[in-house]
Each structure stands twice: as C-alpha cells, then as structure tokens.
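The sequence lines fix the lettering, A, B, ..., with proteins before strands; numbering per chain opens at 1.
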Amino acid sequence: MTDGADTAAPDCRTVLERLHAHYGPLHWWPAETAFEVMVGAVLTQNTAWSNVERALAALREADALTPAGMAALEPEELAERIRPSGYYNVKAGRLRHLLAFLERTGGIEALSALETGALREALLEVKGIGPETADDIVLYAFHRPVFVVDAYTRRLFERLGRPHARDGYETLRASVEAELGADTVAFNELHALIVEHGKQRCRPRPLCDGCPLGDRCYGVVTG
DNA sequence: ATCCAGTTGA
DNA sequence: TCAACCGGAT
C-alpha cells in the first residue's frame with residue numbers, strides 16, 4: 001500500500017486501462033457454451049476457480065455439461081461430481097433448479113429473445129442464483145451490457161476511495177454502468193481484470209509491490 | 001449472523 | 001498451518 005492517493009478516486013476507464021496495461025486482455029468467460037458459463041457461475045460462488053475447474057472436468061467426463069446430460073444424472077452423482085467445488089449439496093440443488101428453469105422457459109434459445117432487464121429478473125427467480133451469479137450469466141453467457149459486482153470490486157473500490165463502494169449491490173452496479181455507458185466489452189474486461197487483480201495483489205492482505213494502481217490508492221481502509 | 005465445504009498457497 | 005476462495009439462503 002502507499003501513503004495515500006494524492007488525487008481524487010480514479011474513474012472506471014482509468015482503472016480499466018491501468019489493469020489492462022498491466023495484466024493484458026483476459027478474454028473471459030473461460031467456457032465453451034452458454035450452459036457451461038451458467039454452471040461455472042453457480043459453482044464459483046464463494047469458491048476458488050481452480051476448484052471449479054475440477055468439478056467442471058468431472059461433469060464433462062460424464063457428458064453432463066449440457067442440460068440434457070446433467071438432467072440424466074442422479075442427484076447423488078451430480079453432487080459427487082461437483083464435490084471439489086465445495087458446498088456440493090447446496091450447489092447440486094442449485095444446478096437442478098437451474099435445469100428446471102431452463103426446461104420451464106424453453107431453454108437458452110428462448111431466453112435469448114428476452115430483453116436484458118427481463119432476462120436478469122427471470123434468472124433472479126431461480127433459487128440459488130443471486131445478483132452476482134445472474135449478472136455473470138447475463139454478461140458472459142448472453143453478452144448483454146451489465147456490470148458484475150463482486151467482493152473483489154468492493155474491496156478495490158473501497159481502497160481507491162471510490163463512492164458507493166460500501167453501498168448495496170444495485171447501487172454499485174448502477175454507478176459503474178452509468179460511468180462507462182452500455183459497453184459490453186468494457187464490462188467484460190473490467191470485471192475480469194478486477195478479479196485477476198484481486199487474486200494477484202488486491203487481497204485481504206494486499207501485496208502492493210508494483211501495483212498498477214498504487215499511486216491512486218489509499219491502501220487498506222480500516223474504518 | 002450462520003450455515004454450506006473442499007482445496008490451496010502465502 | 002490456516003485464511004481465503006469470482007455468494008446465496010435462512
């Protein structure tokens with residue numbers, strides 16, 4: 001951490017440019033299909049991605065990375081396959097809710113016809129899909145312009161002294177979307193870069209040496 | 001505020 | 001060895 005930023009909190013474009021210059025383009029989401037994005041979004045809830053990859057590999061082995069393939073698994077086997085991603089009983093139930101939702105609504109093709117707002121609201125009806133998971137899906141599976149807020153975003157924005165960092169999910173999301181405009185590509189990269197930055201440097205115990213935002217940062221906020 | 005849980009790297 | 005992990009439901 002630094003001794004404190006000597007200017008106002010950086011805007012989202014600046015954060016995006018700095019992180020991009022440092023980490024390079026990340027081209028998210030690492031998945032082959034929209035369904036895979038959905039499954040990964042559920043499995044990565046409060047869970048390291050490396051553990052999610054093991055679960056996804058186990059599902060792929062069982063040809064369960066399609067709605068029909070996953071629906072063919074017994075609930076016990078589904079839970080067992082995703083075990084490495086943690087919370088496996090809870091998440092198995094959430095994936096089954098997701099499958100039921102896709103069947104009820106006519107699948108991914110049908111959902112693609114919905115307006116972005118309606119698509120988001122529909123996803124939020126699913127048990128186990130909260131704001132972040134819904135927005136992961138809307139942005140990375142359907143390529144719609146919504147910004148995904150997560151714990152890394154809050155932590156970084158707080159340390160940068162940005163407004164709304166401690167506000168509710170919708171407030172923070174709306175503030176970023178208003179700042180950047182409806183820019184799917186920018187939302188995609190900014191969220192991905194914030195996650196990468198959060199993993200590599202901007203941790204709970206930050207590793208500030210060589211941070212690309214070091215000169216604009218107040219460091220760990222205690223209050 | 002608590003529970004859900006296996007895995008890993010500082 | 002243990003905090004932390006791309007949260008959400010109750």
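For the pair A:R173 and A:E177, the salt-bridge criterion is met [side-chain N within less than 4.0 Å of a carboxylate O].
Listed by first and then second residue, the salt bridge (Lys or Arg N to Asp or Glu O under 4.0 Å) pairs involving residues 34-49 of chain A are A:E36-A:R60 (not counting sequence neighbours).
For the P atoms, the distance from C:dT10 to B:dA5 is 14 Å, rounded to whole Å. On the P atoms, C:dC6 is 24 Å away from B:dA1, given to the nearest whole Å.
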Per-nucleotide protein contact string for nucleotides 5-10 of chain B (B base, S sugar-phosphate only, - none; heavy atom under 4.0 Å): BBSS-S
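Contact check of residues 182-200 of chain A against DNA chain C (heavy atom, cut-off under 4.0 Å) returns A:H191, A:V195, A:K199.
In terms of modelled atom types and a separation under 3.5 Å, the side chain of A:T105 and the main chain of A:F101 share a donor-acceptor contact. Looking at A:R162, its side chain does come within 3.5 Å of a backbone N or O of A:P10 through a donor-acceptor pair.
The hydrophobic side chain of A:L124 is isolated, with no ILVMFWY side chain under 4.5 Å apart from it. If you chain together ILVMFWY residues whose side-chain heavy atoms come under 4.5 Å of each other, A:V90 ends up grouped with A:Y87.
For the pair A:R83 and A:Y88, the cation-pi test (distance below 6.0 Å, angle within 45°) is passed.
Checked against the 6.0 Å centroid threshold, A:Y23 and A:H197 count as a close aromatic pair.
Under the side-chain contact (heavy atoms from CB on, under 4.5 Å) test applied with A:L56, the options A:T44, A:N51, A:L65 reduce to a single match, A:L65.
When DNA chain C is scanned in the 5' to 3' direction for atoms under 4.0 Å from non-hydrogen atoms of chain A, the outermost contacting nucleotides are C:dA4 to C:dA9.
Along DNA chain C, the nucleotide closest to A:T44 and the one closest to A:K127 are compared, and the more 5′ of them pairs with A:T44.
Put simply, the side chain of A:E74 does not reach to within 4.5 Å of the side chain of A:L78, judged on heavy atoms.
Among the heavy atoms of the strands lying under 4.0 Å from A:R155 are primed sugar atoms or P, OP1, OP2 only; no base atom is included.
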